[in-house]
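Predicted model, so just to flag it, every value in this text is computed and none were measured.
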Amino acid sequence: MAKSIEEKVEEHYKDCLKELGITYYGKTQASQLNESIANALKEAPSKSGGSGNNYPDIMLMLKSRKLNRYIPVMIEAKGGKNKLEKLDKEGNIEQVKLWDSDSKEGAKNPHKKGDPNFNSIEKYAVNGAYHYAKIVLEDEHCNYDEVIFIGVNGTKLTKNNEVADPEHKVYYLSRSNKMQPKYVKDLDKS
């Protein structure tokens, strides 16, 4: 199995944000971004289905000057081949699905048929970012009606130890659009 370059991918995108003069926050800095978002991430089920403590790799708050509003942005990084996004058969971002069968005896992650399967949220950048975005919009104490979520990935490093093939996908999620993610193709320059 190829080694993940997730930390380098995260570093690459943080450098891009720095170059643009955009303030961002890391995994453990949610309370510096916004206290209600920090509490929502802490209290909601985790990407693996456990209790709380969600840590988006990068978070930021965009201010729309024209509309005088703030929009939270959740970014999840991965660093492996085909780890940007997983879609279901209908083309939707896959979230929790159910296991089709029982696990084999002695399996690393034992499960029964019908148990929730969180693999897509854990293993794919867009899917994880979508999980965090939904937490923000579904929490009754967060006063946001919209979130941008971004999955970032890369698989190779240059001789200078920089990401050679960065890729990303950007989505917009809002309550007024019935929580249906909208792909923002104009921001996809990967």
Side-chain angles (χ1 to χ4, degrees), residues 4 6-7 9-10 13-14 17 24-62 70-80 82-99 109 111 114-154 167-184 187-188 190:
S4 172
E6 182 174 329
E7 287 82 15
V9 171
E10 186 177 331
Y13 281 94
K14 285 179 177 178
L17 293 169
Y24 63 85
Y25 302 92
K27 290 178 178 77
T28 60
Q29 298 176 306
S31 62
Q32 293 175 32
L33 173 72
N34 178 279
E35 200 61 45
S36 65
I37 291 174
N39 288 332
L41 291 169
K42 182 179 177 187
E43 299 300 323
S46 71
K47 288 192 310 185
S48 62
S51 59
N53 293 328
N54 291 278
Y55 299 106
D57 291 317
I58 306 169
M59 299 165 283
L60 56 103
M61 190 70 73
L62 288 181
Y70 290 92
I71 304 170
V73 179
M74 303 287 125
I75 304 172
E76 181 70 2
K78 294 297 175 196
N82 300 321
K83 295 297 181 186
L84 180 62
E85 174 180 56
K86 181 165 184 174
L87 303 176
D88 63 19
K89 292 174 188 170
E90 289 80 40
N92 299 311
I93 301 168
E94 191 171 279
Q95 289 288 278
V96 178
K97 62 182 206 173
L98 302 179
W99 286 104
N109 296 313
H111 59 268
D115 284 351
N117 177 347
F118 298 91
N119 282 343
S120 296
I121 296 172
E122 290 181 282
K123 295 181 179 180
Y124 298 89
V126 166
N127 305 61
Y130 181 31
H131 170 77
Y132 298 133
K134 288 191 313 181
I135 288 170
V136 172
L137 293 185
E138 290 172 350
D139 188 274
E140 63 186 32
H141 302 293
C142 284
N143 294 322
Y144 297 98
D145 294 322
E146 57 195 343
V147 177
I148 294 170
F149 65 95
I150 306 170
V152 299
N153 188 42
E167 61 179 346
H168 61 268
K169 278 192 122 175
V170 180
Y171 286 86
Y172 174 80
L173 188 66
S174 73
R175 289 180 180 162
S176 65
N177 196 33
K178 300 180 182 175
M179 302 286 283
Q180 294 301 309
K182 294 294 177 191
Y183 174 50
V184 186
L187 296 178
D188 184 3
S190 354

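Side-chain atoms of Asn119 and Lys86, non-hydrogen and from C-beta on, never get closer than 4.5 Å to each other. Residues Asp145 and Ser174 are not in side-chain contact: their nearest non-hydrogen atoms beyond the backbone lie 4.5 Å or more apart. Under the 4.5 Å side-chain criterion, counting only non-hydrogen atoms from C-beta, Ile75 is not in contact with Tyr24. Two residues are said to be in side-chain contact when any heavy atoms from C-beta on lie closer than 4.5 Å; Leu33 and Met61 meet this criterion.
When all heavy atoms are compared, the tightest approach of Met74 to Pro56 is SD-CG, 3.8 Å. Considering all non-hydrogen atoms of both residues, Lys83 and Lys123 come closest at CD-O, 3.3 Å. Between Cys142 and Ser36, the closest heavy-atom pair is SG-O, 3.4 Å. Of all heavy-atom pairs between Pro116 and Val96, the closest is CB-CG1, 3.7 Å. For the pair Tyr130 and Met179, the tightest heavy-atom approach, listed with the atom from each and the gap, is OH-O, 3.8 Å. Across all their heavy atoms, Glu122 and Ser48 have their closest contact at OE2-CB, 3.3 Å.
Side-chain atoms of His131 and Asn54 include a donor-acceptor pair closer than 3.5 Å. Tyr70 and Asn34 share no donor-acceptor pair across their side chains, judged by distance under 3.5 Å alone.
From Asp139, atom CG reaches atom CD of Glu43 across 8.5 Å, with rounding to the nearest 0.5 Å. For the atom pair OH of Tyr172 and CD1 of Ile71, the computed distance is 6.0 Å after rounding to the nearest 0.5 Å. Rounding to the nearest 0.5 Å places CD of Glu85 at 9.5 Å from CD of Glu167. Between Trp99 atom CH2 and Asn117 atom CG the span is 4.0 Å, to the nearest 0.5 Å. Atom CG of Leu60 is separated from atom OH of Tyr25 by 9.0 Å, given to the nearest 0.5 angstrom. Atom CD1 of Ile135 sits about 10.0 Å away from atom NZ of Lys47, to the nearest 0.5 Å.
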May I have the step-by-step check of side chain to side chain contact (heavy atoms under 4.5 Å, CB included) for Leu87 and Asn92, ending in yes or no?
CA-CA 5 Å; Leu87 303 176; Asn92 299 311; over 6 Å; no

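For the pair Gln29 (side chain) and Gly26 (backbone), a donor-acceptor distance under 3.5 Å is present. Between the side chain of Asn127 and the backbone N or O of Glu94, at least one donor-acceptor pair lies under 3.5 Å. Checked by atom type and distance alone, the side chain of Asp57 never pairs as donor or acceptor with a backbone atom of Glu10 at under 3.5 Å. Asn153 contributes a side-chain N or O that, together with a main-chain N or O of Gly79, makes up a donor-acceptor pair within less than 3.5 Å. For the pair Gln95 (side chain) and Ile121 (backbone), a donor-acceptor distance under 3.5 Å is absent.
Atom NZ of Lys42 sits in a sparse spot, with 12 or fewer heavy atoms from other residues, nucleotides or ligands closer than 6.0 Å.
Ring planes of Phe149 and Tyr171: parallel class, angle under 30° (limits at 30 and 60°).
With Tyr183 as the aromatic partner, Lys169 meets the cation-pi criteria of under 6.0 angstrom to the ring centre and within 45 degrees of the ring axis.
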